[in-house]
Peer 1: 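Starting off with a structure, shown below.
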Amino acid sequence: MKRFITAAKLLIFTAAITGWWSIDVVAESSTLQTAKQWKLFTYNFLPHAPIHDLNFYNPSNVLATGIAVSHDRIFIATPKLFSGVSSTINVVSKAEFGDSPVLQAYPDWTFSTTGRTDFNCSDLVLVSVYRMRIDSCNRLWLLDAGVSRSLEDYEITCPPKILIVDLNTDQVVRRVDFPKEILRGESLFTNLVIDETTSKLGNCDDVFAYISDTVEPGIIVYDSGRDVTWRVSHPAMYPDPDFAQSEILNDRFILMDGVVGLAFDPKLGVLYFQPLATDRLFSVTKEVLRAGPLAQNEILKVKLVGKKSSQGIGLTISPIDGSVLFSPLTETAIAAWTPSNNNQIVLAHDRDRLQFVADMTTTPHEPGVVYAVSSKFHRFFLKNLNHNEINNRILRLPLIGEYGTTHSSSAPTIALQTINKASNYYGSPYKTNALHKTNVVSFGNYVYNGLQGPTKSQTPYNYETVGLINFSARNPFTALNAGENFPPRKEQRSNDLRPSYLDSLNSSEGVLAGRGLRYLLPTTTSPATHSSLHTSVLPFGSDYTLRRHLRNTEGQLVTEKAESSTAAIKG
């Protein structure tokens with residue numbers, strides 16, 4: 001019997017090393033909980049809302065991409081990827097577990113611009129929000145991209161901005177407008193993280209925000225204390241044509257998105273980021289980001305963390321051990337990655353519920369728990385949505401460790417209304433910023449943002465039926481993402497005989513990871529940290545093999561003998 005067990009363990013380890021272990025043979029995760037789920041979203045419409053106008057409300061076009069969790073509420077972002085998205089920021093109660101609640105427009109319907117022409121971009125309105133974050137002062141940062149129908153005709157409705165809402169009062173307490181100096185032609189602000197590592201106690205205006213520009217790839221740095229904004233960029237933030245096509249179960253789709261996934265580790269002071277179209281994860285320190293705009297010909301100091309098994313968007317930091325939590329699309333899983341030793345482990349795997357995880361977040365009100373928002377985005381995108389299936393979910397994953405416990409799906413559901421119900425939210429510590437300015441002033445590459453006081457749009461207002469939208473005018477970005485143009489294959493490109501520049505970012509430090517990493521579910525539930533849960537550790541050294549693909553004079557594919565990447569770089 002011992003001989004059999006030893007042989008089985010050796011077989012599993014060999015499978016992980018050689019790469020033929022498939023995650024599909026692993027049982028579905030029993031710790032993943034469904035907090036909310038919907039076949040199609042519906043809203044708490046006002047009585048006079050034109051709900052039969054498909055440009056105002058088309059449930060086949062409404063999907064969730066962002067999530068934020070307070071002690072008693074879940075905030076959901078439904079951006080205007082397509083027409084028919086009535087409200088872009090919504091809220092539901094955390095009290096019921098596993099239900100399909102009606103979305104409540106947040107802060108209220110006066111902030112929605114869908115179906116209206118009686119608004120001004122200077123009003124407190126929201127066009128399209130992809131993601132939002134809650135700071136330690138219990139304020140919700142809403143990042144408004146200002147772009148309508150980004151996957152159809154890409155209408156730039158208003159300039160991007162941030163509205164900061166005090167969740168104690170549900171009132172806007174601050175507004176940040178991004179001036180034209182940091183914008184590019186088709187900028188699309190999709191994600192943000194808040195860096196409070198150097199803020200003074202109780203002053204959440206003394207923070208930094210790091211914001212992703214996905215279509216015009218770059219990271220926007222906002223110094224809230226000085227009210228200053230600048231922009232940095234790097235080739236690592238651009239989409240890789242080799243990973244333009246994503247695959248989820250039986251669906252394949254082309255999406256050339258640049259940097260979108262962001263996660264900030266406050267203990268290390270490191271920002272992790274990734275485009276959608278890549279298999280790589282990158283990092284940059286807060287000191288580099290805070291240093292200001294890059295000098296001419298200066299290159300941002302970006303590090304390659306390593307490679308994943310497939311593309312992904314959602315990122316967050318584990319509150320237990322600081323590992324990076326990510327979700328590879330093809331594997332339909334949530335995994336933990338410890339960058340210091342490149343260990344990776346699957347925390348949850350579900351072929352149905354984890355098909356496209358667009359965002360993940362943690363909350364201090366539930367230590368050791370990760371919330372994720374998933375959707376069948378590919379079905380929305382490919383227009384083959386099944387209305388009888390669950391197409392949007394809010395998932396709850398208790399982590400294994402000293403701050404979290406494992407809950408079986410067969411166990412009674414958790415009464416979420418009892419979790420931290422007595423939290424005092426730290427009071428209401430909002431302080432007026434002393435740098436009020438009447439106009440936007442630029443100085444070099446720095447840009448000062450004007451602020452507006454808390455005001456509200458005038459009500460009532462009227463919806464207007466505008467008829468069918470003409471999507472015939474498409475820009476190159478939306479044409480590519482609609483599958484009209486396909487990027488060339490790697491072997492067809494002239495630079496495929498050279499190692500990737502991105503793979504050589506850390507060549508002097510010897511931290512390169514090969515593809516083909518496979519994940520194994522934890523075999524035990526008792527260890528206190530993610531790193532101790534890894535069932536196997538793959539080699540992680542300074543040298544990896546690089547296989548070239550060449551063609552002879554007849555056009556036949558010829559595979560050279562694999563050679564060292566370091567030798568290839570030297571050659």
Peer 1: Search all heavy atoms of Ser136 against all heavy atoms of Glu196 and return the closest pair with its distance.
Peer 2: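 The answer is OG-OE1, 2.6 Å.
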Peer 1: Under 4.0 Å between a Lys/Arg side-chain N and an Asp/Glu carboxylate O for Arg231 and Glu216?
Peer 2: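 Answer for the salt bridge query: no.
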Peer 1: Without swapping roles, check the side chain of Tyr371 against the backbone of Ala35 for a donor-acceptor pair under 3.5 Å.
Peer 2: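 Here the side-chain-to-backbone pair does not exist.
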Peer 1: State whether a side-chain donor-acceptor pair under 3.5 Å links Thr338 with Asn343.
Peer 2: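 No - no donor-acceptor pair under 3.5 Å links their side chains.
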Peer 1: Is the shortest heavy-atom distance from the side chain of Val324 to the side chain of Pro339 under 4.5 Å?
Peer 2: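 Answer yes - side chains close enough.
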Peer 1: State, with a plain yes or no, whether a side-chain heavy atom of Glu331 is found less than 4.5 Å away from one of Ser310.
Peer 2: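 Yes, at least one pair of side-chain atoms sits under 4.5 Å.
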Peer 1: Walk me through whether Ile211 and Ile162 qualify under side-chain contact (heavy atoms from CB on, under 4.5 Å).
Peer 2: CA-CA 11 Å; Ile211 299 158; Ile162 293 176; 4.0 Å; yes
Peer 1: Quick one: does any side-chain atom of Gln355 pair with a main-chain N or O of Ile248 as donor and acceptor, under 3.5 Å?
Peer 2: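 No, because the side chain of Gln355 does not come within donor-acceptor range (under 3.5 Å) of the backbone of Ile248.
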Peer 1: With no hydrogens and no angle check, is any side-chain donor or acceptor of Lys161 less than 3.5 Å from a backbone partner on Gly146?
Peer 2: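 Flag not set: sc Lys161 to bb Gly146 has no pair under 3.5 Å.
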Peer 1: Minimum heavy-atom separation for Pro266 and Thr197, please, with both atom names.
Peer 2: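 Between these two residues, the closest heavy atoms are O-CG2, 3.5 Å.
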Peer 1: Any salt bridge linking Asp359 with Arg133? Criterion: basic side-chain nitrogen under 4.0 Å from a carboxylate oxygen.
Peer 2: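 Yes, this pair counts.
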Peer 1: Can you name the closest pair of heavy atoms from Pro398 and Thr31 and give their distance?
Peer 2: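 Looking at all heavy atoms of both residues, the closest pair is CD-O, 3.4 Å.
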Peer 1: Where is the tightest heavy-atom contact between Pro217 and Val215, given as atom of each residue plus distance?
Peer 2: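 It is CD-O, 3.1 Å.
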Peer 1: Within the structure provided, determine whether Leu163 and Asp144 are in side-chain contact (heavy-atom separation under 4.5 Å).
Peer 2: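 Side chain of Leu163 against side chain of Asp144, heavy atoms only: no contact under 4.5 Å found.
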Peer 1: Over all heavy atoms of both residues, which pair between Val357 and Ala372 is shortest? Give the atoms and the distance, please.
Peer 2: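 Taking every non-hydrogen atom into account, CG1-CB, 4.0 Å.
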Peer 1: Consider side-chain contact (heavy atoms from CB on, under 4.5 Å). Of Leu167, Val69, Thr361, Asn90, which one does Phe75 pass it with?
Peer 2: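 Going through the options one by one, the only one that passes is Leu167.
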Peer 1: Measuring only between side-chain heavy atoms, which start at C-beta, is Ile194 closer than 4.5 Å to Arg139?
Peer 2: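 No; the side chains remain at least 4.5 Å from each other.
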Peer 1: Nearest 0.5 Å, what's the OG-CZ distance between Ser233 and Arg184?
Peer 2: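 Answer rounded to 0.5 Å: 8.5 Å.
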Peer 1: Determine whether Phe273 and Val302 make a side-chain contact, defined as any pair of heavy atoms from C-beta on separated by less than 4.5 Å.
Peer 2: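 Side-chain contact under 4.5 Å: yes.
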Peer 1: For the OG1 atom of Thr362 and the CG atom of Leu325, what is their distance to the nearest 0.5 Å?
Peer 2: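 That separation rounds to 8.5 Å.
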Peer 1: Nearest 0.5 Å, what's the CG-OG1 distance between Leu126 and Thr157?
Peer 2: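 Nearest 0.5 Å value for the CG-OG1 distance: 12.0 Å.
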Peer 1: Please identify which of these residues, Leu262, Thr65, Val259, meets the side-chain contact (heavy atoms from CB on, under 4.5 Å) condition with Asn191.
Peer 2: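 Exactly one candidate clears the test, Leu262.
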Peer 1: Between Pro160 and Leu183, what is the shortest heavy-atom contact and its length?
Peer 2: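 Heavy-atom minimum between the residues: CG-CD2, 3.6 Å.
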Peer 1: Output the distance between atom CD1 (Ile67) and atom CE (Met360), rounded to the nearest 0.5 Å.
Peer 2: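 Between Ile67 CD1 and Met360 CE, I get 11.0 Å after rounding to 0.5 Å.
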Peer 1: Go through it in stages, so that I can follow the logic: the residues are Gln311 and Leu255, the test is side-chain contact (heavy atoms from CB on, under 4.5 Å), and I'd like the CA-CA distance, side-chain angles, deciding distance and then a yes or no.
Peer 2: CA-CA 11 Å; Gln311 301 93 324; Leu255 193 58; over 6 Å; no
Peer 1: State the CZ-OG distance between Arg131 and Ser212, to the nearest 0.5 angstrom.
Peer 2: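 Reported value, rounded in 0.5 Å steps: 7.0 Å.
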Peer 1: Please determine which of Tyr222, Phe178, Tyr210 meets the ring-ring contact (aromatic ring centres under 6.0 Å, His included) test together with Phe189.
Peer 2: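 Testing each of Tyr222, Phe178, Tyr210 against Phe189, the sole residue satisfying ring-ring contact (aromatic ring centres under 6.0 Å, His included) is Phe178.
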Peer 1: First locate atom CG of Leu276, then atom CD1 of Ile313, and finally report the distance between them rounded to the nearest 0.5 Å.
Peer 2: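 Interatomic distance, Leu276 CG to Ile313 CD1, rounded to 0.5 Å: 4.5 Å.
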Peer 1: Can you find a pair of side-chain heavy atoms, one from Leu188 and one from Tyr130, that are under 4.5 Å apart?
Peer 2: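 With C-beta onward as the side chain, the pair touches.
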Peer 1: Would a distance-only check, ignoring hydrogens and angles, find a side-chain to backbone donor-acceptor pair under 3.5 Å from Ser199 to Cys204?
Peer 2: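 Side chain of Ser199 to backbone of Cys204: no pair is present.
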Peer 1: Is the closest side-chain heavy-atom distance between Leu289 and Phe208 below 4.5 Å?
Peer 2: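 Counting from C-beta outward, Leu289 and Phe208 never come under 4.5 Å.
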Peer 1: Is there a side-chain contact between His234 and Leu294 (heavy atoms, below 4.5 Å)?
Peer 2: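 No - every pair of side-chain heavy atoms lies 4.5 Å or more apart.
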Peer 1: Checking the side chain of Arg280 only, and the main-chain atoms of Ala236 only, is there a donor and an acceptor separated by less than 3.5 Å?
Peer 2: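 Side chain of Arg280 to backbone of Ala236: no pair is present.
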